[in-house]
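So the structure is just underneath, and the comments pick up after that.
Chain identifiers are assigned alphabetically (A, B, ...) following the order of the sequence lines, protein sequences preceding nucleic acid strands; residue numbering begins at 1 within each chain. Every value quoted in this text rests on a predicted model; they were computed, and no experiment measured them.
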Amino acid sequence: MKTALIELLAKHLAPDLTSDEISNLLEIPPDETLADYALPCFTLAKKLRKSPAIIAADLASKIADDPIIAEAKAVSGYLNVFLDRSWLSARVLDLALAPQFGAGGAHETTVVEFCSPNTNKPLHLGHLRNIAIGESVSRILSFNGNKVYKTCIFNDRGVHICKSMLAYRDFGGGTLPGDSGTKPDHFVGDYYVLFAKKAKEDPTYEDQAQQMLEQWEVGDAEVVALWRTMNGWAFEGFRETFDLFGTSFDREYYESQIYKKGREIILDGLAQGLFQKKEDGPVVVDLADIGLDEKVLLRSNGTSVYIVQDIYLAHLKAKEFNYDRSIYVVGNEQEYHFKVLKAILDLLDTECTGGRVHHLSHGMIELPEGKMKSREGTVVDADDFIWETAALAAEEVNKRWQLSEAEVKERSLKIALAAIKYQLLKTETGKNMVFNPKEALRFEGDTGPYVLYSYARASSILRKSDVPLDANPWEVSEFEVRLLKKIYLFTDIVKLAGARLTPSTLSNYLFDLCRNFNEFYHECPVLRSEVAGQRLALVTAFRNVCGQCLELLGIEKIEEM
RNA sequence: GCGCCCGUAGCUCAGUUGGAUAGAGUGUUUGACUACGAAUCAAAAGGCCGCAGGUUCGAAUCCUGCCGGGCGCACCA
């Protein structure tokens with residue numbers, strides 16, 4: 001639709017503006033009564049040495065007679081265009097009723113790493129934001145035509161892991177997660193908390209954890225066996241949460257398997273003179289010329305620091321996926337780390353140079369009463385939160401319907417997950433957000449359930465009619481035009497969300513779309529209308545796009561609320 | 001000390017590469033179910049876009065300074 005208008009304008013503006021330039025310039029005005037599309041003529045004014053008003057008026061008269069134009073006029077430097085309603089409605093329905101409406105033809109290979117938890121405690125709300133973003137970004141990129149691989153690195157070793165191991169060994173008394181019915185990752189986490197408590201009483205406890213790490217590193221059989229057992233519990237619990245929240249990975253990496261690797265890359269770089277060996281032993285990289293500090297890579301004792309395994313992992317991913325781009329969904333507290341990583345990869349100038357590496361930095365979650373702090377017990381646990389939300393959703397479902405227990409459980413869980421995911425994705429990725437758990441349990445206004453409800457309403461109408469869809473022009477009301485235009489906008493929005501890696505672009509659009517649908521629904525009878533076929537086609541088009549957006553946000557659709 | 005990010009309605013947030021009169025949701029007040037689903041719709045009220053300069057046809061958006069908040073800057077991970 002927009003394309004046809006751009007072509008028409010390009011015919012009259014060549015060679016001063018190309019189609020691409022027109023496309024960039026063309027905007028949707030803030031007030032729909034002004035125009036469907038507007039072309040600001042201010043930049044053209046310089047080029048043509050005519051006033052914007054004259055250029056706009058000139059263009060208006062040139063295109064006014066075209067069959068796709070209902071009205072074209074010049075208003076204070078803008079060319080304002082209304083499209084022909086018959087043409088517009090037929091065009092949008094034709095496009096939006098086709099499968100894969102809005103899908104793109106990009107063809108990059110992209111690796112998206114997200115979640116990446118430590119195995120000493122269960123997932124919390126921060127992980128859920130990370131996962132929701134990673135999952136949605138992956139789906140959006142994939143929809144835009146890219147080949148996407150989702151990966152996760154499990155930080156399954158280190159002194160923090162030994163802390164929960166130590167506390168379990170000393171105070172666990174051989175109990176198993178099954179004994180108390182505790183979810184296994186929570187079971188492990190409980191001993192991490194217990195460690196912190198015991199370390200306060202016993203100042204040597206921190207040292208003991210450090211000693212245990214050393215035993216682990218030399219392969220002490222007992223310690224390694226305990227590590228395997230407890231990591232097994234953690235993974236078992238994680239899998240359950242991943243299933244519950246609806247995510248999965250194409251490739252999983254484990255820190256314990258790669259933490260020693262990458263040394264060769266560093267020694268290689270040292271030989272090439274990219275890095276320096278200091279007199280007192282450590283190998284460092286000097287990043288002063290790009291405004292970063294000196295960074296130690298190999299310690300005096302020859303062992304590598306954490307970033308070396310990230311360097312190795314970047315190479316490993318390049319080898320396994322031959323990626324064009326490697327995205328890391330990680331909190332903004334690690335921005336410096338990724339600057340350093342990219343700089344080092346650039347220095348090494350291998351197939352995974354820093355230019356291909358992108359840190360998709362997301363903001364932190366704060367609660368209304370402040371930051372989440374594990375020490376103060378204010379961390380919102382992922383599983384608990386999902387189930388609590390589901391319980392509240394179940395109350396709402398029970399208010400409205402008489403359903404079996406199983407049906408209530410299934411439906412309320414889907415509604416709860418929609419509420420949570422939508423809430424987590426509606427704020428722009430990079431920004432910190434205040435997350436009020438009570439807000440996520442709200443089912444009205446700008447929420448996941450509002451969107452699900454809109455979708456279910458559309459489904460409900462379609463279930464009730466067997467009138468064939470009809471995309472022939474009809475006398476469209478303002479509500480229908482608004483909805484049609486919004487449906488069409490999806491093609492721009494999904495590209496923009498992919499380019500900016502911001503699911504929030506999509507969720508904000510989705511809310512607007514549903515609002516337009518509900519207004520239409522309220523004002524325009526469908527089934528008992530003389531243009532039932534056309535309105536059913538419009539409802540179908542809405543349902544397609546709404547469903548696609550939900551899919552791209554990682555939210556499961558439901559046909560009935 | 002050095003660096004990065006954020007400040008928009010009481011609260012939570014949108015606002016595309018600078019574009020027309022700055023928008024939603026929520027909360028408050030009020031109206032609409034004999035209706036294709038009221039988890040909906042409609043209306044009112046609510047703003048020195050942190051402050052002060054600058055850039056230009058035009059600034060919430062770009063630049064500088066200041067104020068307020070967050071986060072980094074380990075031979076930790």
Work out how far the [atom1] atom of [N] is from that of [M], and round it to whole angstrom.
{"N": "B:rU16", "M": "B:rU12", "atom1": "C1'", "answer": "22 Å"}
{"N": "B:rG31", "M": "B:rA45", "atom1": "C1'", "answer": "15 Å"}
{"N": "B:rA22", "M": "B:rA9", "atom1": "C1'", "answer": "11 Å"}
{"N": "B:rG72", "M": "B:rU55", "atom1": "C1'", "answer": "32 Å"}
{"N": "B:rG47", "M": "B:rG7", "atom1": "C1'", "answer": "15 Å"}
{"N": "B:rC48", "M": "B:rC4", "atom1": "C1'", "answer": "29 Å"}

Can you find a side chain N or O atom of [X] that sits less than 4.0 Å from OP1 or OP2 on [N]?
{"X": "A:Arg400", "N": "B:rU40", "answer": "no"}
{"X": "A:Arg299", "N": "B:rC76", "answer": "yes"}
{"X": "A:Lys495", "N": "B:rU16", "answer": "no"}
{"X": "A:Lys431", "N": "B:rG7", "answer": "yes"}

Counter-base of [N], judged by Watson-Crick or G-U geometry with both distances under 3.5 Å:
{"N": "B:rG1", "value": "B:rC73"}
{"N": "B:rA42", "value": "B:rU30"}
{"N": "B:rA59", "value": "none"}
{"N": "B:rC51", "value": "B:rG65"}
{"N": "B:rA24", "value": "B:rU12"}

For [Y], is there an ion pair with [X] - N to carboxylate O distance below 4.0 angstrom?
{"X": "A:Glu71", "Y": "A:Lys73", "result": "yes"}
{"X": "A:Glu410", "Y": "A:Lys414", "result": "yes"}
{"X": "A:Lys260", "Y": "A:Glu255", "result": "no"}
{"X": "A:Asp492", "Y": "A:Lys2", "result": "yes"}
{"X": "A:Lys399", "Y": "A:Glu395", "result": "no"}

Ring centres of [X] and [Y] under 6.0 Å apart?
{"X": "A:Phe443", "Y": "A:Tyr450", "value": "no"}
{"X": "A:Tyr253", "Y": "A:Phe154", "value": "no"}
{"X": "A:Trp227", "Y": "A:Tyr254", "value": "no"}

query: Can you find an N or O donor on one side and an acceptor on the other, under 3.5 Å apart, linking the side chain of A:Asn80 with the base of B:rA20?
result: yes

- line: Ranking A:Glu396 and A:Lys371 by the position along RNA chain B of their nearest nucleotide, the one closer to 5' is A:Glu396

message: Check for me whether A:Arg457 meets the cation-pi criterion with A:Tyr521, that is, NZ or CZ under 6.0 Å from the six-membered ring centre and within 45 degrees of the ring axis.
response: yes

Which of [range] have a heavy atom under 4.0 Å from RNA chain B?
{"range": "residues 300-313 of chain A", "value": "A:Ser300, A:Val305, A:Tyr306"}
{"range": "residues 515-533 of chain A", "value": "A:Arg515, A:Asn518, A:Glu519, A:Tyr521, A:His522, A:Cys524, A:Pro525, A:Val526, A:Leu527"}
{"range": "residues 24-39 of chain A", "value": "A:Asn24, A:Glu27, A:Pro29, A:Pro30, A:Ala38"}
{"range": "residues 442-452 of chain A", "value": "A:Arg442, A:Phe443, A:Glu444, A:Gly445, A:Asp446, A:Tyr450"}

Within the structure shown, what part of the strands sits under 4.0 Å from [X] by heavy-atom distance: base, sugar-phosphate, or nothing?
{"X": "A:Met364", "answer": "nothing"}
{"X": "A:His337", "answer": "base"}
{"X": "A:Asp512", "answer": "nothing"}
{"X": "A:Glu428", "answer": "sugar-phosphate"}
{"X": "A:Val283", "answer": "nothing"}

Is a donor from one side chain sitting under 3.5 angstrom from an acceptor on the other, for [X] and [Y]?
{"X": "A:Asn518", "Y": "A:Ser454", "answer": "yes"}
{"X": "A:Thr502", "Y": "A:Thr505", "answer": "yes"}
{"X": "A:Asn155", "Y": "A:His160", "answer": "no"}

message: Treating A:Thr378 as the side-chain partner and A:Lys373 as the backbone partner, does any N or O pair qualify as donor plus acceptor under 3.5 Å?
response: yes

Using nucleotides 56-62 of chain B, report all nitrogen or oxygen pairs with the protein that are shorter than 3.5 Å.
none

Given [options], the nucleotide with the shortest approach to the side chain of [X]:
{"X": "A:Val296", "options": "B:rA38, B:rA14, B:rC75", "answer": "B:rC75"}
{"X": "A:Tyr453", "options": "B:rC75, B:rC73, B:rA38", "answer": "B:rA38"}
{"X": "A:Phe511", "options": "B:rA24, B:rC73, B:rA20", "answer": "B:rA24"}
{"X": "A:Met433", "options": "B:rA77, B:rC73, B:rC13", "answer": "B:rC13"}

query: A:Tyr306 vs A:His337 aromatic rings, parallel, tilted or perpendicular, using cut-offs 30° and 60°?
result: tilted

- prompt: Considering only heavy atoms from C-beta outward, does the side chain of A:Cys546 approach that of A:Val451 to under 4.5 Å?
  reply: yes

- prompt: Who are the salt bridge (charged side-chain N to carboxylate O under 4.0 Å, His left out) partners of A:Lys342, not counting sequence neighbours?
  reply: none

- request: Please check if atom NZ in A:Lys485 has more than 12 non-hydrogen atoms from other residues, nucleotides or ligands closer than 6.0 Å.
  value: yes

message: Are there over 12 heavy-atom neighbours, none belonging to A:Arg463, within less than 6.0 Å of that residue's CZ?
response: yes

